[in-house]
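A short write-up of the structure that comes next.
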Amino acid sequence: MAMRGIEMKFHGYDTILNACINKRAIREGQRVHAHMIKTRYLPPVYLRTRLIVFYSKCGCLGDARRVLDEMPERNVVSWTAMLSAYSQRGFASEALDLFMQMLRSDGEPNEFTFATVLTSCIGIVGFELGRQIHCLIIKRNFEFHIYVGSSLLDMYAKSGRIYEARKVFEHLPERDVVSCTAIISGYAQLGLDEEALELFRRFKTEGMTSNYVTYASVLTALSGLAALDLGKQVHNHVLRCELPFFIVLQNSLIDMYSKCGNLTYSRRIFDNMPERTIISWNAMLVGYSKHGMGREVVELFKSMREENKVKPDSVTLLGVLLGCSHGGMEDIGLEIFDEMANGKYGVHPEIEHYGCVVDLLGRASRVEEAFEFVKKMPIEPTAAVWGSLLGACRVHSNVDIGELVGHHLLEIEPGNAGNYVILSNLYASASRWEDVKRVRDLMNEKAVKKEPGRSWVELDQTLHTFHASDHSHPRREEVFAKVKELSVRFKEAGYVPDLSCVLHDVDEEQKEKILLGHSEKLALTFGLIATSDGVPVRVIKNLRICVDCHNFAKFMSKIYRREVSLRDKSRFHHIVDGICSCGEYW
DNA sequence: TTAGGGTTAG
């Protein structure tokens with residue numbers, strides 16, 4: 001009878017706990033747990049593990065951990081349940097500590113444990129541990145398990161080791177949508193967009209099914225390639241399939257259209273969303289910001305605050321500040337930064353936000369203020385922040401501050417060729433040739449070299465590359481004649497090239513070099529494209545640059561004396577998207 | 001009973 005009673009109790013607790021887990025019913029679950037304690041019921045490992053799962057699903061990680069710590073004996077499932085709770089909520093170091101504790105207590109990990117713990121192997125420390133865990137996985141013979149394998153390849157890809165990731169993937173005896181998506185996303189997140197797309201095409205031929213995660217990853221790759229047509233195809237497809245978690249795909253689509261230069265489409269998707277997450281707002285804000293549309297950025301941020309459904313995060317404020325900086329709205333940007341620093345938005349400024357303010361002041365010719373701002377920063381300024389200031393000094397020929405900043409940068413970043421180049425150019429602008437020579441000698445002495453940066457433009461399947469002052473193209477006569485013709489039209493149309501570029505994948509120092517030299521390369525590249533007249537253009541991405549497309553399209557309308565269609569706008573975006581500069585002007 | 005891939009920013 002006693003045995004039957006215990007058994008009944010067990011089933012009763014199990015049933016109620018399961019219901020509480022499914023419904024995330026915190027209070028009821030807590031009452032069940034309290035009842036066990038009150039009646040001095042000693043739950044078996046199974047039920048204690050269910051309590052861990054219950055608490056972790058309800059977000060009460062401390063309570064879950066207490067249950068684990070108080071267990072007289074634990075099995076692999078209870079360890080793994082707790083590990084999973086930590087890793088899913090982003091507590092990576094707690095997860096790794098727990099895993100080590102599990103090994104020390106002679107706990108034997110299984111395929112569930114390995115698949116889970118690898119997702120917490122992020123950052124340098126995590127990656128080193130991840131490598132050791134890989135050895136353990138090989139020893140325990142879980143290497144070819146599909147869940148473990150996809151987790152493993154994802155760990156390598158997220159640590160930038162795409163070759164190792166690919167190796168794990170190629171050795172998997174079977175593949176499914178998750179492992180295929182993981183490798184596609186690995187390439188896409190590293191900016192290896194062509195490779196990501198190639199794999200996606202291959203898997204499709206092989207009959208793999210795709211889901212919303214696959215499409216989200218593919219859209220990332222398409223954004224990187226500014227491949228508007230393919231992006232539209234994916235858009236049509238996901239609409240037809242009515243995939244779940246459409247909100248994630250809508251966010252990806254907003255981003256894809258904006259990176260392809262089509263902000264009208266981005267905004268249409270954004271406006272028609274029944275629900276928006278912070279990522280939706282950020283994607284739209286950043287889209288405007290990258291195109292120098294400061295007013296739209298500020299207005300959208302205001303709507304977001306008024307709607308008051310989602311809270312701004314650090315990306316939101318970064319987008320807003322960048323938008324103000326590139327849209328020439330420095331006073332509003334500074335005001336928003338002050339409000340941010342005073343806690344108005346619930347997000348506190350990080351180094352990137354400070355960097356934005358330096359950039360903002362620098363662009364507005366307020367170099368002295370920018371310098372004072374950097375000196376008073378409560379966070380140690382990084383080389384990128386100093387580099388941004390140096391660039392501003394160069395643009396506005398402020399030799400006094402530029403000299404101080406430049407020499408400081410040479411000390412903290414002696415191997416960065418760009419700093420020498422900018423400092424030398426600054427001296428050159430003030431005709432201080434002795435100093436120019438001194439910086440150049442220093443560069444030689446330290447054996448620092450600067451490779452020229454290039455633009456890649458693909459015209460009708462032929463690749464053309466350019467660097468600044470490049471006269472080597474076989475059709476240079478035609479190209480330069482066209483450049484000359486265009487420059488006359490530039491002037492006639494009253495167009496002042498807008499240097500407010502936002503660069504992706506480049507740091508402040510590189511950005512400044514591009515700002516200094518991009519108009520010449522823009523002319524060269526555009527000259528070739530204009531000469532080729534109507535041939536489809538594709539830019540082979542290395543460094544991606546978005547010049548203010550909006551103004552560029554307006555300018556093109558004036559040049560050609562006709563309205564520029566949306567399609568054309570995106571094409572112009574392609575054109576300017578691949579332009580970068582070497583910054584070598586001596 | 002426990003498990004793997006995703007969207008914005010740098």
Side-chain angles (χ1 to χ4, degrees), chain A residues 14 17-18 21 44-54 56 74-85 87-88 109-119 142 145-155 157-158 165 169 172 175-186 188-189 210-220 223 243-256 258-259 266 276-287 289-290 313-322 350-353 355-356 382 384 502-508:
Chain A
D14 188 27
L17 263 183
N18 274 338
I21 291 169
V45 179
Y46 169 88
L47 269 188
R48 290 178 196 260
T49 307
R50 295 307 283 156
L51 278 170
I52 294 176
V53 172
F54 159 72
S56 72
R74 299 164 196 136
N75 64 15
V76 60
V77 183
S78 34
W79 284 111
T80 308
M82 191 66 230
L83 260 180
S84 163
S87 69
Q88 279 177 10
N110 65 8
E111 62 274 36
F112 287 76
T113 326
F114 283 125
T116 308
V117 72
L118 286 169
T119 63
F142 286 121
H145 186 279
I146 191 154
Y147 278 60
V148 179
S150 35
S151 208
L152 198 54
L153 82 85
D154 190 57
M155 189 245 338
K158 288 206 171 85
F169 178 77
L172 281 176
R175 291 165 190 174
D176 64 2
V177 61
V178 176
S179 50
C180 291
T181 305
I183 191 74
I184 291 175
S185 134
Q189 280 171 8
S210 299
N211 61 21
Y212 83 97
V213 185
T214 323
Y215 287 116
S217 308
V218 168
L219 281 168
T220 303
S223 303
L243 291 172
F245 301 101
F246 192 53
I247 195 160
V248 170
L249 286 170
Q250 284 173 312
N251 295 342
S252 305
L253 287 166
I254 291 173
D255 181 55
M256 184 276 293
S258 101
K259 290 208 175 113
S266 295
R276 299 183 191 106
T277 62
I278 184 64
I279 295 179
S280 326
W281 289 93
N282 290 351
M284 198 62 237
L285 278 169
V286 167
S289 160
K290 280 180 176 162
D313 65 8
S314 90
V315 180
T316 317
L317 270 303
L318 208 55
V320 173
L321 292 174
L322 276 171
E350 293 155 27
I351 189 73
E352 290 87 357
H353 300 98
C356 266
T382 54
V502 184
L503 311 173
H504 312 272
D505 306 331
V506 292
D507 57 27
E508 290 295 321

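Just so we're on the same page: letters track the sequence lines, and every chain starts at 1. In this text the structure is predicted, and so the values were computed from the model without any measurement.
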Is there a donor-acceptor pair closer than 3.5 Å between any side-chain N or O of Thr116(A) and the backbone N or O of Phe112(A)?
yes
Heavy atoms only, 4.0 Å cut-off, all strands: where does Tyr212(A) land among base, sugar-phosphate and nothing?
base
Can you name the side-chain hydrogen bond (donor to acceptor under 3.5 Å, both in side chains) partners of Asp313(A), sequence neighbours left out?
Asn282(A), Thr316(A)
Nearest to the side chain of Asp176(A), which nucleotide is it out of dA3(B), dG4(B), dG5(B)?
dG4(B)
If only side-chain N and O atoms count, and only distance matters, is there a donor-acceptor pair under 3.5 Å linking Thr214(A) with Asn211(A)?
yes
Would you classify Val177(A) as touching base, sugar-phosphate or nothing, given that sugar-phosphate means primed atoms plus P, OP1 and OP2, and contacts are heavy atoms under 4.0 Å?
base
Counting side-chain heavy atoms from CB outward, which of dA3(B), dT2(B), dG5(B) is closest to Val77(A)?
dT2(B)
Checking the side chain of Asp255(A) only, and the main-chain atoms of Ser258(A) only, is there a donor and an acceptor separated by less than 3.5 Å?
no
Would you say the side-chain atoms of Asp154(A) and Ser151(A) include a donor-acceptor pair closer than 3.5 Å?
no
For Ser150(A), which contact category applies under a 4.0 Å heavy-atom criterion: base, sugar-phosphate, or nothing?
base
Within the 4.0 Å heavy-atom criterion, would you say Asp14(A) contacts the bases, only the backbone, or no part of the nucleic acid?
nothing
Rounded to whole angstroms, how far apart are CD on Glu352(A) and P on dG10(B)?
9 Å
Between dT2(B) atom P and Leu17(A) atom CG, what is the distance in whole Å?
13 Å
I need the CG-P distance between Asn110(A) and dG4(B), as an integer number of Å.
13 Å
From dG4(B), dG10(B), dT1(B), pick the nucleotide closest to the side chain of Val178(A)?
dG4(B)
Measure CG/Leu243(A) against P/dG5(B) and give the value in whole Å, please.
19 Å
Categorize Asn211(A) for me: base, sugar-phosphate, or nothing, with a 4.0 angstrom heavy-atom threshold over every strand shown.
base
Nearest-Å distance, CZ (Phe142(A)) to P (dA3(B))?
16 Å
Options dT8(B), dG10(B), dG5(B), nucleotide nearest the side-chain atoms of Leu318(A)
dG10(B)
Quick note, Ile279(A) side chain, CB onward, closest among dA9(B), dT7(B), dT1(B) is dT7(B)
From dG4(B), dT7(B), dT8(B), pick the nucleotide closest to the side chain of Ala216(A)?
dT7(B)
NA contact type, Thr119(A), heavy-atom cut-off 4.0 Å: base, sugar-phosphate, or nothing?
sugar-phosphate
Remember a base hit wins even if backbone is also touched, and classify Thr214(A) as base, sugar-phosphate or nothing at under 4.0 Å, heavy atoms.
base
What nucleotide among dT7(B), dT1(B), dG4(B) has an atom nearest to a side-chain atom of Ser151(A)?
dG4(B)
Can you tell which of dA9(B), dG5(B), dT2(B) lies closest to the side chain of Asp255(A)?
dA9(B)
Could you please name the option among dG10(B), dT7(B), dT1(B) that lies closest to any side-chain atom of Leu322(A)?
dG10(B)
Between CD of Gln88(A) and C1' of dG4(B) the distance, given in whole Å, is 11 Å
Name the nucleic acid region contacted by Ile146(A), choosing base, sugar-phosphate or nothing; use a 4.0 angstrom heavy-atom cut-off, strictly under.
base
Distance check: side-chain N/O of Lys259(A) vs OP1/OP2 of dA9(B), anything under 4.0 Å?
yes
Using a distance-only test with no angle check, is there a side-chain donor-acceptor pair under 3.5 angstrom linking Asn75(A) and Ser78(A)?
yes
Between C1' on dT8(B) and CE on Met256(A), what's the gap in Å once rounded to a whole number?
15 Å
Select one nucleotide: of dA3(B), dT2(B), dA9(B), the one nearest the side-chain heavy atoms of Glu111(A).
dA3(B)
Quick one: Ile254(A) CD1 to dT7(B) C1', roughly how many Å, whole number?
10 Å
We want to know whether Ser223(A) and Thr220(A) form a side-chain donor-acceptor pair, criterion being a heavy-atom distance below 3.5 angstrom.
no
Within the 4.0 Å heavy-atom criterion, would you say Ser84(A) contacts the bases, only the backbone, or no part of the nucleic acid?
sugar-phosphate
